[in-house]
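This report refers to the structure that appears directly beneath it.
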Protein chains: 2
Amino acid sequence: MVTSDKSFRPLRQRPSFVLSQLGFHSDRTFDELLVPVGVTRRQYGMLRILADADGRTQQELSSVLRVHRNVMVGLVDELEAAGFVERRRNPADRRAHAVHLTDRGRALLPMGEAALDACDDQLFGTLSAADRETLGDLLARVADAAHLLPGVHPGYEQAGDAPPNPISSRGRSNTRTG
Amino acid sequence: MVTSDKSFRPLRQRPSFVLSQLGFHSDRTFDELLVPVGVTRRQYGMLRILADADGRTQQELSSVLRVHRNVMVGLVDELEAAGFVERRRNPADRRAHAVHLTDRGRALLPMGEAALDACDDQLFGTLSAADRETLGDLLARVADAAHLLPGVHPGYEQAGDAPPNPISSRGRSNTRTG
DNA sequence: TATTGTTATACTCTATAACTATA
DNA sequence: TATAGTTATAGAGTATAACAATA
């Protein structure tokens, strides 16, 4: 028989655990805010990448978003069916598909940005402006120390045969369906 | 053609996005630290609940951990096969299985606690003690404001037909396989 | 009839491999 | 032969429903 029964530190006082809780909560909140926009989190991440540099190949997009190229096919399919992007042939390399934002896709970007604003407000609205900034700074420092890419969500590390981090870009994607 | 092309705020300056990144990173870090312990995150959450009050029924455990009772069957199966818990008949209600920690299961708890220590150190080791405490406090306040249960991970909200939050207890579980 | 635990089935995601068309 | 994109297949995880034993 083991003695133990020592009292453990409550999980609310475990920053890494609270971080996990809040990360999940953040995802869910953003998911809901994105519903009226009409895209998923991952889809918005794609559009955001394209906003920075239109016309990337699916391969390049796969690397940035950290999804496998097989998954990227479906992602582009969805967005193309919704009229947010279109595939164009690259005359230089007719194997590659250049993915371009449509006007409709571009018009969606500010809506996603507004959803992000709302998400931040919803999560941190109870904090004072000073506390909010302090928290943002600390989180950014921790993310830097963990070597998390500035805008790439670690939820899709299975980049498969894609080259490692070719473009230091931004993306948002995740699984965590819960 | 739409004008836009306005510059968006980088995601690194979006606390809710960085929170999501770090939450995922925290999960992955803890997963790795738990490998030598020999249990998964969710399994550790179960054992931790039992540490507080041994002999709960699977139904009760389902409610606390926020997993469906069908899933709980498999969870208990795993832990019982590994020798960390055992099912006992409740003489008062012979339908219910009381789940009890074994000595081996109880011996595992301090190891999980050490893994949590290591996880916090690994994530926040670069911060000063003061900054670390500030961050912990701010995160706890945000979690309170979001009405997240003190020790229950929101990753399993599909409690099914289980009653809503019967015991204000602690648990850890998640999906986010990435 | 309702509840506890269990089992079975379907559905979603993902991982792996194989295929095509170009290079 | 290697690569970009696509398709197909299998696996893990979950949700839903149905079932047996007991209340």
Side-chain angles (χ1 to χ4, degrees), chain A residues 24 27-28 31 40-43 46 55-81 85-100 153-163 166 173-178, chain B residues 24 27-28 31 40-43 46 55-81 85-100 153-163 166 173-178:
Chain A
F24 198 95
D27 285 347
R28 204 170 38 183
D31 284 343
T40 65
R41 202 150 16 104
R42 188 160 66 169
Q43 289 171 341
M46 267 271 294
R56 296 196 183 167
T57 67
Q58 297 185 192
Q59 196 82 279
E60 289 170 334
L61 291 168
S62 301
S63 305
V64 176
L65 260 187
R66 297 286 184 163
V67 304
H68 196 276
R69 66 198 162 102
N70 302 4
V71 176
M72 181 55 65
V73 174
L75 238 177
V76 176
D77 282 348
E78 292 164 12
L79 288 172
E80 193 168 39
V85 305
E86 62 179 10
R87 281 184 243 239
R88 295 185 202 155
R89 279 290 168 193
N90 183 344
D93 184 344
R94 299 225 318 274
R95 291 173 305 178
H97 283 166
V99 182
H100 287 266
H153 200 286
Y156 281 106
E157 282 293 315
Q158 40 76 325
D161 49 1
S173 51
N174 190 331
T175 285
R176 300 203 209 175
T177 323
Chain B
F24 198 94
D27 284 348
R28 204 169 40 182
D31 282 344
T40 66
R41 206 156 7 112
R42 189 162 64 170
Q43 290 171 341
M46 267 272 293
R56 297 199 182 165
T57 67
Q58 297 185 192
Q59 195 83 280
E60 289 170 332
L61 290 169
S62 300
S63 305
V64 177
L65 259 186
R66 297 287 185 161
V67 303
H68 196 277
R69 65 197 162 100
N70 303 4
V71 176
M72 181 56 65
V73 174
L75 239 178
V76 176
D77 282 350
E78 293 165 10
L79 289 172
E80 193 168 39
V85 304
E86 62 180 11
R87 281 183 245 239
R88 294 187 203 156
R89 278 290 168 193
N90 183 344
D93 184 345
R94 299 224 317 275
R95 291 173 304 180
H97 283 166
V99 181
H100 288 268
H153 200 286
Y156 282 105
E157 283 293 314
Q158 39 77 323
D161 49 3
S173 51
N174 190 326
T175 285
R176 304 202 207 174
T177 323

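Per chain, numbering begins at 1; letters A, B, ... match sequence-line order.
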Report task. Respond yes when some side-chain nitrogen or oxygen of A/R66 is under 4.0 Å from OP1 or OP2 of C/dT14, and no when none is. Result -> no
In whole Å, what is the span from the [atom1] atom of [X] to the [atom2] atom of [N]?
X	N	atom1	atom2	result
A/R56	D/dG5	CZ	P	13 Å
B/H97	C/dT7	NE2	P	10 Å
A/Q58	C/dA21	CD	P	16 Å
A/M72	C/dC13	CE	C1'	15 Å
A/E78	D/dT6	CD	P	13 Å
B/H68	D/dT16	NE2	P	8 Å
B/L61	C/dT3	CG	P	19 Å
A/L75	C/dT14	CG	C1'	13 Å

Query raised in the report: For the residue pair B/V99 and B/Q58, what are the closest heavy atoms and their distance?
Result: CG2-CG, 3.9 Å
Report summary line: Regarding the side chain of B/R87, the nearest nucleotide among C/dG5, D/dG5, C/dT16 is C/dG5
Query raised in the report: Who are the side chain to side chain contact (heavy atoms under 4.5 Å, CB included) partners of B/N70, not counting sequence neighbours?
Result: B/H68
Query raised in the report: Residues two or more places apart in sequence or in another chain: which of them pass side chain to side chain contact (heavy atoms under 4.5 Å, CB included) with B/E86?
Result: B/E80, B/R88, B/H100, B/T102
Requested in this report: For A/R89, check salt bridge (Lys or Arg N to Asp or Glu O under 4.0 Å) against everything at least two apart and list the hits.
Outcome: none
Report summary line: Residues passing the salt bridge (Lys or Arg N to Asp or Glu O under 4.0 Å) test with A/R95, sequence neighbours excluded, are A/D93
Report summary line: Expected string for nucleotides 18-23 of chain D under the B/S/- scheme (protein heavy atoms, under 4.0 Å, primed atoms plus P, OP1, OP2 as sugar-phosphate) is ---BBS
Report summary line: Sequence neighbours excluded, the answer for side-chain hydrogen bond (donor to acceptor under 3.5 Å, both in side chains) partners of B/N90 is none
